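These notes are about the structure you will find just below.
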Protein chains: 4
Amino acid sequence: MSSKTTTTTDKKQAILDSALLLFVSKGFNATSTASIAKAAGVATGTLFHHFSTKNDIMSQLFLSIKQEFANNMVSNTQLSGDIEKDANNLWQKAIDWAIAQPLKQLFFLQYSMSADIDVAVRKQAMTSILGFVVELIEQGKQQGIIANFPSELLLENCHGQYLAAIRFFTDNPQLGSDEQHRSASFKLFWHAMKAQ
Amino acid sequence: MSSKTTTTTDKKQAILDSALLLFVSKGFNATSTASIAKAAGVATGTLFHHFSTKNDIMSQLFLSIKQEFANNMVSNTQLSGDIEKDANNLWQKAIDWAIAQPLKQLFFLQYSMSADIDVAVRKQAMTSILGFVVELIEQGKQQGIIANFPSELLLENCHGQYLAAIRFFTDNPQLGSDEQHRSASFKLFWHAMKAQ
Amino acid sequence: MSSKTTTTTDKKQAILDSALLLFVSKGFNATSTASIAKAAGVATGTLFHHFSTKNDIMSQLFLSIKQEFANNMVSNTQLSGDIEKDANNLWQKAIDWAIAQPLKQLFFLQYSMSADIDVAVRKQAMTSILGFVVELIEQGKQQGIIANFPSELLLENCHGQYLAAIRFFTDNPQLGSDEQHRSASFKLFWHAMKAQ
Amino acid sequence: MSSKTTTTTDKKQAILDSALLLFVSKGFNATSTASIAKAAGVATGTLFHHFSTKNDIMSQLFLSIKQEFANNMVSNTQLSGDIEKDANNLWQKAIDWAIAQPLKQLFFLQYSMSADIDVAVRKQAMTSILGFVVELIEQGKQQGIIANFPSELLLENCHGQYLAAIRFFTDNPQLGSDEQHRSASFKLFWHAMKAQ
DNA sequence: GATGAATGAGGCTTCATTCAT
DNA sequence: AATGAATGAAGCCTCATTCAT
């Protein structure tokens with residue numbers, strides 16, 4: 001009886017998995033729906049049974065990866081109140097995830113700014129993800145721990161450094177276990193943010 | 001006879017200009033060569049006299065924008081030897097350019113990571129642009145002014161913060177004349193890089 | 001137990017009803033079997049339990065409507081022998097039906113000539129329906145009441161005027177109770193047919 | 001130099017000609033754009049260079065045939081003021097055209113009521129064509145020559161009889177030269193319309 | 001150099017129909 | 001009988017590119 005459910009889930013998931021791989025390796029437009037279906041081992045029609053549009057695959061993929069990332073960030077996380085320590089924990093968690101899920105990370109790096117993703121979807125995902133960062137920054141500023149720079153600028157800078165860090169560790173996964181690089185990565189970020 | 005030359009230049013430039021606008025607003029693949037030609041006021045055939053391929057337009061556009069940016073960065077610039085001061089000068093120049101050329105900046109933000117640009121072209125442009133930054137970093141480390149972190153990490157972080165800054169000022173051009181935001185933008189960057 | 005039988009009948013009828021509405025409003029080809037099933041409140045598979053083919057729905061619909069119309073024409077009808085009076089009775093009955101069943105009438109107007117209906121089905125229905133008209137015409141000519149024109153021409157003209165009349169009253173149902181229009185409609189027809 | 005113009009015209013015309021034949025023989029939906037292009041001896045792309053849509057072919061075909069018919073009706077026609085005589089002239093001209101252009105006539109018979117033609121196009125064509133008939137009817141009623149029936153009914157009846165007549169002569173072209181059938185056809189029509 | 005009609009491969013999507021449950 | 005996920009053939013249309021003028 002679980003087989004029915006499983007089958008359905010499997011096909012839709014297989015399509016998402018194949019799409020992820022192909023979108024990252026060949027780009028959105030160079031990837032035909034036929035090739036996605038073929039790679040997923042399903043018929044073309046099946047693809048359109050689960051997704052209304054090629055763009056719909058992209059959107060659902062984007063949202064599901066964002067969600068996975070978000071779930072990873074909040075799981076087993078309890079804030080200590082020590083902002084630097086909490087920030088470090090989150091930073092390292094993000095790097096761990098980037099190293100563990102290089103494809104998803106590359107997808108995110110490639111498509112976060114792309115016109116291939118529906119603007120509404122992108123915005124929704126971004127704000128929902130960045131929400132908790134905004135809060136941490138405000139708190140840090142009030143405690144005089146984070147520099148008193150304009151918040152929007154801090155947020156954008158935070159985002160930019162995060163992208164740089166995961167790009168680095170996605171490109172150099174073997175350095176993911178090098179303590180020197182990992183701590184340097186956080187220090188760079190933290191020195192920028194903290195009040196002098 | 002100069003009119004002929006001028007006309008030719010005009011048409012090629014008109015095509016590049018139209019392509020820039022369309023690529024940024026609709027994306028590379030959603031922009032047909034026909035629409036570029038129409039927007040430029042030339043026939044489809046004319047477009048293919050000046051560019052061998054649609055991808056060729058992209059490449060030439062990418063390279064010409066990179067070149068313009070590079071020219072802007074080196075013009076009237078003489079390094080003083082004071083690394084922080086030089087870095088600040090360059091940083092502000094980059095922001096000025098981003099504000100003056102929002103379309104080109106957006107193009108750069110959108111396509112720097114995209115599969116739509118020929119890999120070879122992208123790599124070449126990147127290294128040639130980042131070359132002088134690499135040198136500055138090495139110099140700063142030797143002088144003990146820049147933190148002794150792994151250079152690759154420093155470079156990637158530098159790039160990430162630069163992208164964040166221009167994204168911010170491209171999105172908020174009116175803040176380009178606000179001294180507080182401009183100095184904060186550089187301080188964030190510099191605090192990250194400098195030796196503590 | 002009667003409920004089961006009833007349910008079955010209901011579903012088949014629901015499919016025919018939905019098909020009628022959709023075929024008339026959107027056309028045969030713009031109507032998908034999925035949309036018929038959905039409108040009827042059944043699953044796609046169910047539709048193919050009752051009808052072997054999409055065309056089969058069309059054929060059965062066409063034949064059932066023809067049959068309904070034929071039943072309407074013969075019910076409570078007894079020919080008096082006075083051909084004009086009989087013709088008038090039949091003519092008014094046809095108009096009554098057209099007004100009472102506008103959807104079915106529109107279906108008939110739209111598909112009587114269409115390539116979307118199986119030729120064999122169409123021909124069979126036509127001749128069976130027109131059969132009694134042929135007889136009336138022959139009888140009228142022999143009695144010198146109907147003009148001595150070629151019979152095929154008379155039949156075709158009769159058909160054309162009939163279609164015009166029901167088109168008019170289907171489009172203007174409120175005039176169905178206007179005695180002037182109803183009698184004028186028959187007079188037009190009758191003046192054409194009768195011997196001068 | 002005429003060759004260029006001719007070529008262009010030829011291709012578009014060839015597509016319309018092939019479409020006419022295929023739409024009449026196989027129906028609109030059973031005719032693929034590929035088959036039209038093939039029959040016309042052009043590439044698929046060429047078809048879409050001249051027509052924006054498959055439906056656009058239909059519309060342009062419908063309008064051009066309507067126009068041809070209208071041109072035929074007004075050419076060499078001068079109304080004498082004797083309404084019966086004028087009506088007869090027009091009636092015979094219409095039959096002549098139907099016999100000379102059986103394909104176009106069949107197209108008209110098949111698609112005048114079809115959902116395959118854009119409603120706006122159909123309505124526009126119909127009213128523009130029927131305009132001059134409306135005038136004739138009004139004039140005849142004022143002179144007491146045409147029966148004092150509601151005009152809308154007269155118009156619809158006129159249209160219905162016309163369709164019946166051309167259907168008959170399109171199906172039996174050999175009877176087109178039979179004086180008996182031709183005069184009977186008009187008499188049927190005229191007896192219906194004229195005041196008794 | 002400039003033009004734009006022509007090309008045809010290929011993409012996205014629809015849909016009638018099947019079949020395992 | 002009823003369901004609806006799955007199928008894959010086929011259709012419409014787009015578009016980069018060519019070429020004759």
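Letters A, B, ... mirror the listed sequences (proteins, then strands); counts begin at 1. Since we're looking at a predicted model, the values are computed, not measured.
Computed from coordinates, the D:Met58 CE to F:dC12 P distance equals 13 Å when rounded to whole Å. Summarising the geometry, the separation between NZ on B:Lys26 and P on F:dC15 is reported as 10 Å, rounded to the nearest angstrom. The CG atom of A:Leu47 sits 16 Å away from the P atom of F:dA9 (whole-angstrom rounding). The distance from atom NZ of A:Lys12 to atom P of F:dG4 is 17 Å, rounded to the nearest whole Å. Nucleotide F:dA16 holds its P atom 14 Å from the CD1 atom of B:Ile15, rounded to whole Å. Protein atom CD of A:Gln13 is 14 Å distant from nucleotide atom P of F:dA6, rounded to whole Å. Protein atom NZ of D:Lys38 is 15 Å distant from nucleotide atom C1' of F:dG11, rounded to whole Å. Rounded to a whole Å, the CG atom of D:Leu22 is 13 Å from the P atom of F:dG11.
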- Message: Generate the contact string for nucleotides 11-16 of chain E. Rules: B means base contact, S means sugar-phosphate contact only, - means no protein heavy atom under 4.0 Å.
- Response: SSBB-B

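Nearest heavy-atom pair across B:Leu20 and B:Ile65 is CD1-CD1, 4.0 Å.
OP1 or OP2 of F:dT7 has at least one side-chain nitrogen or oxygen of A:Lys11 nearer than 4.0 Å. Residue C:Thr46 places none of its side-chain N or O atoms closer than 4.0 Å to OP1 or OP2 of F:dA1.
Evaluation of the ring-ring contact (aromatic ring centres under 6.0 Å, His included) rule for A:Phe23 yields A:Phe28 as partners, not counting sequence neighbours. By the ring-ring contact (aromatic ring centres under 6.0 Å, His included) test, C:Phe107 is found to be paired with C:Tyr111, residues two or more places apart in sequence or in another chain being considered. Under the side-chain contact (heavy atoms from CB on, under 4.5 Å) criterion, D:Phe48 pairs with D:Thr33, sequence neighbours left out. Contacts of C:Phe108 classified as ring-ring contact (aromatic ring centres under 6.0 Å, His included), with partners at least two apart in sequence or in another chain: none. Contacts of D:Ser32 classified as side-chain contact (heavy atoms from CB on, under 4.5 Å), with partners at least two apart in sequence or in another chain: D:Ala34, D:Ser35.
Which of E:dG8, F:dG8, E:dT3 sits closest to the side chain of A:Ala43 comes down to F:dG8.
Side-chain atoms of C:His49 stay outside donor-acceptor range of the base of F:dA1, with no qualifying N/O pair under 3.5 Å.
B:Thr31 contributes no side-chain N or O that, together with a main-chain N or O of B:Lys26, makes up a donor-acceptor pair within less than 3.5 Å.
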- Query: Given pairs defined as Watson-Crick or G-U wobble with both distances under 3.5 Å, what dot-bracket annotation applies to DNA chain F, with ( ) intrastrand, [ ] crossing, | other strand and . unpaired?
  - Reply: .||||||||||||||||||||

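For residues 62-71 of chain D, every residue pair satisfying the side chain to side chain donor-acceptor pair (under 3.5 Å) rule, not counting sequence neighbours, is listed here: D:Gln67-D:Asn71, D:Glu68-D:Lys104.
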Hey, can you pull the donor-acceptor pairs under 3.5 Å for the side chains in residues 115-124 of chain C, sequence neighbours left out?
{"residue": "C:Asp116", "atom": "OD1", "partner": "C:Asn29", "partner atom": "ND2", "Å": "3.2"}
{"residue": "C:Asp116", "atom": "OD2", "partner": "C:Ser114", "partner atom": "OG", "Å": "3.4"}
{"residue": "C:Arg122", "atom": "NH1", "partner": "C:Ser114", "partner atom": "O", "Å": "2.3"}

